[in-house]
Number of protein chains: 2
Amino acid sequence: MTTLTPAAASDRTGVSIDTLRYYEREGLIGPVRRSVGGRRQYTEDDVFWIGLVTCFRDAGLGIADLRGFVAILRAEHPPQERVAFLRERRAALEQRVAALGRAMQVLDEKITYYS
Amino acid sequence: MTTLTPAAASDRTGVSIDTLRYYEREGLIGPVRRSVGGRRQYTEDDVFWIGLVTCFRDAGLGIADLRGFVAILRAEHPPQERVAFLRERRAALEQRVAALGRAMQVLDEKITYYS
DNA sequence: CTCGAATCTGGAGCGCGCTCCAGGTCAAGA
DNA sequence: TCTTGACCTGGAGCGCGCTCCAGATTCGAG
């Protein structure tokens, strides 16, 4: 199976090498397989997962939130517990969207006013 | 004209007294009028403005962003410059909404999967 | 085999956005 | 007048999310 060096994984994901190691330390990704010499070998699955993490980070979730997300998806949990957790997270995101909507409305008012 | 003490302004806005003073130091609000003895006296206008700041903070804008916002609205700028700035800010917020949408979609997929 | 680039680890440093603290001032009630 | 509590200032401290650094190790090209 073909794997990626840290530099390649960084290029593919747009996440810095330092941050990749940080995420791994924090348990958000991996643990990533190592070569005999101890170098990291990122798989396609790793890259995909990093993409998910990035997606949630971009959406404003904190490291702790993501740790929770990882925990729920990785460990064995009854489906209903997972669904409950996921719905809760979704609701939180909706709150954020609402906050953004309010701010955009204020901007729109100002834009109208100055136009 | 009736004014509010720091404690009252904090109650009304939901922003801590420390944070109100911090915002003032950073130029996001005020400068707030003072009593003879040097205590702050918040006006209704101040409270309203604090509401705006809070709205944008909740939407995820940084202190520096808000300083820019304040500068554009307070100082004399040609309307078209203000509008350009406001539109730019609005576009940034749309980006954030899009990021949230992507994250919510991922959650929805997982929810569907586990349901 | 040698050299240089890439990677490793542990830990320090940094910018942000507050939050807290010490030490002093002001103001309203008993 | 005295006390008590809210408020003042300047500055330190903190949690987050990286980011950078030193010093050692590994690996591929020549």
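Throughout, a chain's letter reflects where its sequence line sits, starting with A, and its residues are numbered from 1.
- For the pair A:Leu4 CG and C:dA6 P, the computed distance is 16 Å after rounding to whole Å.
- As rounded to whole Å, 19 Å separates atom P of C:dA6 from atom CZ of A:Arg34.
- B:Glu26 has its CD atom 14 Å from the C1' atom of D:dG11, to the nearest Å.
- Taking every heavy atom of residues 42-52 of chain B and every atom of DNA chain C, no pair lies under 4.0 Å.
- A:Arg39 has its side chain out of reach of A:Thr5: every pair of non-hydrogen atoms, C-beta onward, lies at least 4.5 Å apart.
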**OP:** Determine, stepwise, if the pair A:Trp49 / A:Asp45 fulfils side-chain contact (heavy atoms from CB on, under 4.5 Å).
**Re:** CA-CA 6 Å; A:Trp49 186 261; A:Asp45 280 359; over 6 Å; no
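- At a threshold of 4.5 Å between non-hydrogen side-chain atoms, the residues A:Leu86 and B:Tyr114 count as touching.
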Report each atom pair, protein N/O against N/O of nucleotides 18-24 of chain D, whose distance is under 3.5 angstrom.
residue	atom	partner	partner atom	Å
D:dC18	OP2	A:Tyr23	OH	3.0
D:dC18	OP2	A:Arg57	NE	2.6
D:dC18	OP2	A:Arg57	NH2	2.9
D:dT19	OP2	A:Thr19	OG1	3.3

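- Counting to the nearest Å, the P atom of D:dA6 and the CG atom of B:Asp11 are 12 Å from each other.
- Considering only side-chain N and O atoms, A:Arg40 lies nowhere under 4.0 angstrom from the phosphate OP1 or OP2 of C:dT7.
- Taking hydrophobic clusters as Ile, Leu, Val, Met, Phe, Trp and Tyr residues chained together by side-chain heavy-atom distances below 4.5 Å, A:Ile29 does not share a cluster with A:Ile17.
- Sorted by first and then second residue, the pairs that involve residues 61-79 of chain B and meet side chain to side chain donor-acceptor pair (under 3.5 Å), not counting sequence neighbours, are B:Glu26-B:Arg67, B:Asp65-B:Arg89, B:His77-B:Glu81.
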**OP:** Carefully, step by step, assess A:Tyr22 and A:Arg25 under the rule side-chain contact (heavy atoms from CB on, under 4.5 Å).
**Re:** CA-CA 5 Å; A:Tyr22 170 67; A:Arg25 269 203 304 280; 3.9 Å; yes
Would you tabulate the side-chain donor-acceptor contacts of residues 101-110 of chain B under 3.5 Å, counting partners in other chains and residues two or more places apart, or write 'none'?
residue	atom	partner	partner atom	Å
B:Asp108	OD1	A:Arg90	NE	2.4
B:Asp108	OD2	A:Arg90	NE	3.3
B:Asp108	OD2	A:Arg90	NH2	2.9

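- Side-chain contact between A:Arg40 and A:Arg33 is absent, with no heavy atoms from C-beta onward closer than 4.5 Å.
- Side-chain contact between A:Thr43 and A:Phe48: absent, with no pair of heavy atoms (C-beta onward) separated by less than 4.5 Å.
- Residues meeting the side chain to side chain contact (heavy atoms under 4.5 Å, CB included) test with B:Asp58, sequence neighbours left out: A:Ala99, B:Thr54.
- Looking only at side-chain heavy atoms (C-beta outward), A:Tyr42 and A:Thr13 stay at 4.5 Å or farther from each other.
- The distance from atom CG of B:Asp58 to atom C1' of C:dG17 is 13 Å, rounded to the nearest whole Å.
- Here the P atom of nucleotide C:dG17 and the CG atom of B:Leu20 are 16 Å apart, to the nearest Å.
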Subject >> Per-nucleotide protein contact string for nucleotides 25-30 of chain C (B base, S sugar-phosphate only, - none; heavy atom under 4.0 Å) >> reply: BBS---
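- Both B:Ala64 and A:Ala7 lie close to DNA chain C; mapped to their nearest nucleotides by heavy-atom distance, the more 5′-ward contact belongs to A:Ala7.
- For the pair A:Phe56 CZ and D:dC16 C1', the computed distance is 20 Å after rounding to whole Å.
- We find that CD1 of B:Ile17 is positioned 15 Å from C1' of C:dC21, with the value rounded to whole Å.
- Taking 4.0 angstrom as the limit, B:Thr5 places none of its side-chain polar atoms (N or O) nearer than this to OP1 or OP2 of D:dA6.
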